[in-house]
Amino acid sequence: MEKEQSTGRELRVTIVCCRFTSKEIDDLKKKYYQTRYRSLSAFIRDLVLRPNVVKRIIAREQQKLSIQKLEELRREIGYVGNNINQVAKKVNSQNFAGKHELTSIFHELQKIHDIMERL
């Protein structure tokens, strides 16, 4: 085994080649980009030699993405709720709900339904 003189760490001198389909490499890179690994080689080594560590890292990054997505959805629902409140205020001031107002509320409720479907 060769040793690096200055740090005493073992040098990696063996190269292993393997083939991937386009989909496999895309999936691998997608997982790699979800992490903070600096090199694809280090990611693949850990994926093979320490799979539980990599799974935890990927899960943590996906959780962060999920939280960001939920924050975006919360904002969207807030906008929709604001629109419904404006329509309700108009209806209350007129003591009448016309076709336009009811259609508007229906569309806003449909937006909320669509948001919930994305979850």
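Owing to the predicted nature of the structure, the values given are computational and were not obtained by experimental measurement.
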- Query: Under the side chain to side chain donor-acceptor pair (under 3.5 Å) test, which residues partner Lys89, sequence neighbours left out?
  - Reply: none
- Task: For Lys90, enumerate each residue passing the side chain to side chain donor-acceptor pair (under 3.5 Å) test, keeping only those at least two apart in sequence or located in another chain.
- Result: Glu101
- Query: So, does Gln110 use its side chain to make a donor-acceptor pair with the main chain of His107 at under 3.5 Å?
  - Reply: no
- Query: Taking the side chain from Asn82 and the backbone from Gly78, do they hold a donor-acceptor pair closer than 3.5 Å?
  - Reply: no
- Task: Kindly write out the residues that satisfy side chain to side chain donor-acceptor pair (under 3.5 Å) with Asn85, not counting sequence neighbours, or none if the list is empty.
- Result: none
- Message: I'd like to check the side chain to side chain contact (heavy atoms under 4.5 Å, CB included) partners of Ala42; sequence neighbours left out, ordered by chain and number.
- Response: Tyr37, Ser39, Arg45
- Item | Residues which pass side chain to side chain donor-acceptor pair (under 3.5 Å) with Asp27, listed by chain and number, not counting sequence neighbours | Lys23
Show me the donor-acceptor pairs, under 3.5 Å and distance only, between side chains in residues 12-19 and residues at least two apart or in other chains.
none

- Task: Please list, chain by chain and in numerical order, all residues satisfying side chain to side chain contact (heavy atoms under 4.5 Å, CB included) with Ile84, sequence neighbours excluded.
- Result: Val80, Glu108, Leu109, Ile112
- Task: With rounding to the nearest 0.5 Å, note down the distance linking NZ in Lys111 to CD1 in Ile77.
- Result: 12.5 Å
- Note on the structure: salt bridge (charged side-chain N to carboxylate O under 4.0 Å, His left out) pairs touching residues 33-44, sequence neighbours excluded, are none
- Message: Which residues pass the side chain to side chain contact (heavy atoms under 4.5 Å, CB included) test with Ile25, not counting sequence neighbours?
- Response: Phe20, Leu28, Lys29
- Any residue meeting side chain to side chain contact (heavy atoms under 4.5 Å, CB included) with Arg75, in chain and number order, not counting sequence neighbours: Glu71, Glu72, Tyr79
